[in-house]
Amino acid sequence: MEIIEIQGLTLQRNNRQLFAGLSATITKGSISAIVGPNGCGKSSLLLAITGDLMPSSGSIYIAEKNLQELSDLEQSRLRSMALQERTFWLPMTVREVLALGQSDQATNQIAKIAADLGLAELLENLVTTLSVGQVQRIEIARTLLRDCPIYLFDEPFAAQDLASKEKLIEIFKQLRSAGKTVILVAHSEVEKLSWCDQIIQLGS
């Protein structure tokens, strides 16, 4: 069953065309990787799927509904996205950051998700003292705390060591097994993405 359908999509940013006429379908309960050279529009495609970047032309349908016709609230219920670069300025603990804006049900999952991502021992640490890789995993944890049908990750493996990458891949597979749809931007060679169900190649 298709959950996302991209039809003839053309994206521009800063008056520069990133790609034109992209069409793709993404199946429910699958993992799709977006790959391609720097500047080809991988992250922008994620933003278009979240509704945060308006296409120059073309359409995106999620669950057979035109994304542009959905309200912000409807869009937020459909997807959760982890940005590649997140900077925290306030001296808050990891636990406090993870709890921000979350439901009670999500807050009850903080300990489990933190453990899954190797953050359990950092929950009482200030986010301003952490490494780039640790901050990135906090962003991923915040994304996972939301219960949505679609999860998007912008370069989740950047700044991660091998053990953390393996944990992330296992988490993505668990989401797929639970019927969730995962879309991620990856700089890995295609042959290293055999665990994905689909590769969307940009800039080729």
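Nothing here was measured: the structure is a model prediction, and the numbers come from that model. Just the heavy atoms: all of them, side chains too, but no hydrogens, waters or symmetry mates, feed the values below.
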Novice: Does the Q75 side chain pair with the main chain of L70, one donor and one acceptor, at a distance under 3.5 Å?
Specialist: yes

Novice: Look only at the side chain of T10 and the backbone of G21, and say whether a donor-acceptor pair between them is shorter than 3.5 Å.
Specialist: yes

Novice: Let me check something: do L90 and V94 share a hydrophobic cluster, defined by ILVMFWY side-chain heavy atoms less than 4.5 Å apart, either directly or through other members?
Specialist: yes

Novice: In the single-linkage hydrophobic clustering (I, L, V, M, F, W, Y; side-chain heavy atoms under 4.5 Å), do L11 and Y61 co-cluster?
Specialist: no

Novice: Between CG of N125 and CE of M92, what distance do you get to the nearest 0.5 Å?
Specialist: 14.0 Å

Novice: Does F153 belong to the same Ile/Leu/Val/Met/Phe/Trp/Tyr cluster as V190, with side-chain heavy atoms less than 4.5 Å apart forming each link?
Specialist: yes

Novice: L117 and L126: same hydrophobic cluster, using ILVMFWY side-chain contacts below 4.5 Å?
Specialist: no

Novice: Quick one: do the T50 and R79 side chains pair a donor with an acceptor below 3.5 Å?
Specialist: no

Novice: May I ask you to decide whether R77 forms a salt bridge with D72, counting only side-chain N to carboxylate O separations under 4.0 Å?
Specialist: no

Novice: Tell me, yes or no, whether the heavy-atom count around K167 atom NZ, taken from other residues, nucleotides or ligands under 6.0 Å, exceeds 12.
Specialist: yes

Novice: Between S30 and T181, do the side chains contain an N or O donor and an N or O acceptor separated by less than 3.5 Å?
Specialist: no

Novice: Answer with yes or no whether the side chains of Q136 and Q160 bring together a donor and an acceptor at under 3.5 Å.
Specialist: yes

Novice: Under the criterion side-chain contact (heavy atoms from CB on, under 4.5 Å), which of I6, D154, L18 is the partner of L45?
Specialist: I6

Novice: List in chain and number order the residues that pass side chain to side chain contact (heavy atoms under 4.5 Å, CB included) with A120, two or more places apart in sequence or in another chain; answer none if no residue qualifies.
Specialist: A115

Novice: Taking atom CD of E124 as the centre, does the number of heavy atoms from other residues, nucleotides or ligands within less than 6.0 Å exceed 12?
Specialist: yes

Novice: Among V127, T107, L123, find the residue that satisfies the side-chain contact (heavy atoms from CB on, under 4.5 Å) test when tested with L98.
Specialist: L123

Novice: Ring centres under 6.0 Å, that's the criterion: do F172 and Y151 meet it?
Specialist: no

Novice: Is there a donor-acceptor contact under 3.5 Å linking the side chains of S164 and D161?
Specialist: yes

